[in-house]
Amino acid sequence: MTGLLMRGADKPKSVRRFTWDVTIYLILAAVLLVGFAINPEFGTAFNFSAILANMGEIMLIAMPMTLLIISGEIDLSVASIVGLSGVVFGYTYYFGGVPIAVAAALGILTGALCGALNGFLVAKLALGSLAVTIATLALFRGFATAILGNESVAEYPEAWTNFGYDTIGTSFIPRTFPLIVTFILLFAVLAHLTSFGRRVYGIGQNVEAARFAAISVTTYKWILFILTGTMSGVAGIVYTLRFSTAQWDNAIGLELAVISVVLLGGVSIFGGIGSIWGVVGAALLFGTLEALFNLQGISPNVFTVVTGVLLISAVVIPVALRRLNQAREFREGAKTRIPVDSSTGSRPKEPSGGS
Amino acid sequence: MSGPTVPAPTTTTAGRARKLINGRIASLFLILALAIGITAAVNPRFLGGSGLTDLLIGSAVIGILAVGLTPVVIARHIDLSIASTTGLSAYVTLSIVVPNGWGLWQSFAIGAGIGLLVGTVNGLLVAGLNIPSLVVTLGTLSIVRGILYFYSDAGRFTPDVIPPSLIAMGLDTILDIPIIFWITLGFALFAAWWMRYTPVGRDLYAIGSNPPAAQLVGINIFQRTLLAFMWSGLMAGIAGVLYIGQFAFVDASAFINQELAVVTAVVVGGVNIFGGSGTIIGALLGALLIRVIAGGLVAVGVDPFWQQAVNGVLLITAIGLDRILALRSQAKIQRIREDRVEEQSWRE
């Protein structure tokens, strides 16, 4: 695991990133310990089964989102894609009369097409991913509403819904778990062990330099958007089966949870920095906290507040740490040599400069 | 673009830029008139009776939020927390006003205070710590809504307990224009003056056009950005009070998920989502336009379920149009600059 992590860009940064990843897992361990200590129901197989199942969709979407944010873009339309692909899946199966496997494939294809549209608008037409995906957030959700209206499709073959919420044999592991682990491993390899992944980091660190290095930034961003759309499509099918309901407002607001998890996992909102392992740890932390809140009988509304606080602090903490580090380096530098860069510390810009 | 720091010779550039913006407003009026005209032609009931009044009542809340959001977007930021703030302001205001038997003015004071508070927190996080406004306001979106859910404890306010003065505000008209729309219009005119003729407004345009350049010419970016977010929070607070008047029913889900409708109104109204250009009046027209289209679709018999998809298409079209216009005006400015350099070298 550390081997993968240490394949970072320059040394000091990868060391700092290493500590951030470990910190996430340490906090996770602490939350687990507290859970075991204060609530007897926390340590049950049922609870862990629920945590793993609840984090499924978030995990599936967070994987490509990690790469997308590392490349310096963002996709706010993912939750709408989850809703739309679920609706397409349910509609074509129930009203269209196609075999359920085909319906699922159509749902995932819908996700891929949504991602392709985002990619076209952002990468090809250079329209700023934030604005575009706010627009497609409304557009895709609108399609879902237009297709199903207020109806919902809730009848699926038992074998399929069992996949959504049953566990493997008598164990506590959800049946969706192997699928999710497979995707995590695939994305970890893609991000950390392939030239594709390295180039994505390169684009995020310095897009101009990436262009000079003959990386086709447009193609890469387009691929990343299609990946994000496709995985949101997969998540849409999983979500529909897990609740055995396809309706227009499935997973509304899920984008917030996904982005919180990615940023909490140490991915820089400015691009260029982050790791799959950090994000996996953050997702587990998020799910465990949510379960603990539930068990303690704390209202889910409090968890909404916690999500927001986590999202903001996930960005504030790295910025604050960087400022502290810069101030310290500046002070130490002042003792031994003449300070050269007087602007340091006054305005920490994006880390792409490689301080 | 045409900030006070621009030296005299560029007045022609500024003039051309202004012409371009005015063209945008004129075309917005045209589209608005066209949309109303077509809908009224297909379905005369659209404008008949209280149709126009309803239209203005329906656009008052989104309109005032658009007026609030515009300076933030012009400064190259975004505020997604406004819809949550509107809901919080509406609920908390009633929860204080109703037991005390207070009326209109106290409501506005409380609503404004709540809005200013949220706006200040947003502004301090964005401007003070240099965190992207998208992240901050996505966070405060859920924090504010969560606090509202927690505070309301599944409670709600029905018309029988809401102060009559607030309900009257949502029903009465002066000169055939609803009172709540007059309020929106008043704030819009103030903001239009503020953005156009005061240093704060001009600085916000400068910050949005080119942040590093704005820093170099000595603009206090921290203070100006903070002010923009405080303004947007203040308008969201006032919008909460208008919301009470419009709907006369408030619970914890008041105005939930409406932030994107406001962003759509602002961008459709010609405010560049990448900052630096746009006008308050344009944003207000944008709010009216999406309201007309929403009502128009229903009036001509389109399934209301298509509404959101239409909003998405509108937004993408507006962003694309902005991009094309920006590229064109950039090319124009470039050409003018080259001409001037030639002229100068000829004089020398």
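Each chain gets a letter, A, B and so on, in the order the sequences are listed, and its residues count up from 1. Both backbone and side-chain heavy atoms feed into the values below; hydrogens, waters and symmetry mates do not.
Using a 4.5 Å cut-off between heavy atoms, A:Leu148 does not touch chain B at all. The part of B:Leu134 that comes within reach of chain A is its side chain, from C-beta onward, which places non-hydrogen atoms under 4.5 angstrom from that chain. With a 4.5 angstrom heavy-atom cutoff, B:Leu141 does not touch chain A via any of its atoms. If you measure heavy-atom distances from A:Val302 to chain B, the contacts under 4.5 Å come from the side chain alone. Proximity to chain A (any heavy atom under 4.5 Å) is restricted, for B:Ile273, to the side chain, taken from C-beta onward.
Counted within 6.0 Å of CZ on B:Phe150, heavy atoms from surrounding residues, nucleotides or ligands total 12 or fewer; the atom is thus considered open. Heavy-atom neighbours of A:Tyr94 OH from other residues, nucleotides or ligands within 6.0 Å: at or below the threshold of 12.
Each of B:Gly312, B:Gly320, B:Ala318 has some count of heavy-atom pairs under 4.5 Å with chain A, and the biggest count is that of B:Gly312. Per-residue heavy-atom pair counts under 4.5 Å with chain B were compared for A:Ile259, A:Val306, A:Leu76, A:Val305, and the maximum is reached by A:Val305. Across A:Gly149, A:Ser260, A:Gly253, A:Ser313, the residue that shares the most heavy-atom pairs under 4.5 angstrom with chain B is A:Gly149.
By the ring-ring contact (aromatic ring centres under 6.0 Å, His included) test, A:Phe303 is found to be paired with A:Phe286, A:Phe293, residues two or more places apart in sequence or in another chain being considered.
Counting all heavy atoms, side chain and backbone alike, A:Gly308 lies closest to B:Ser142 at CA-OG, 3.4 Å.
Put simply, CG on B:Asn130 and CZ on A:Phe270 are 7.5 Å apart, with the number rounded to the nearest 0.5 Å. With rounding to the nearest 0.5 Å, the separation of CG in B:Leu129 from CD1 in A:Ile312 is 10.5 Å.
Residues of residues 120-145 of chain A lying under 4.5 angstrom from chain B, judged on non-hydrogen atoms, are A:Leu121, A:Leu125, A:Ala126, A:Leu127, A:Gly128, A:Leu130, A:Ala131, A:Val132, A:Ile134, A:Ala135, A:Thr136, A:Leu137, A:Ala138, A:Leu139, A:Arg141, A:Gly142, A:Phe143, A:Thr145 by number.
Side chains of B:Ile143 and A:Thr307 form no contact here, defined as non-hydrogen atoms less than 4.5 Å apart.
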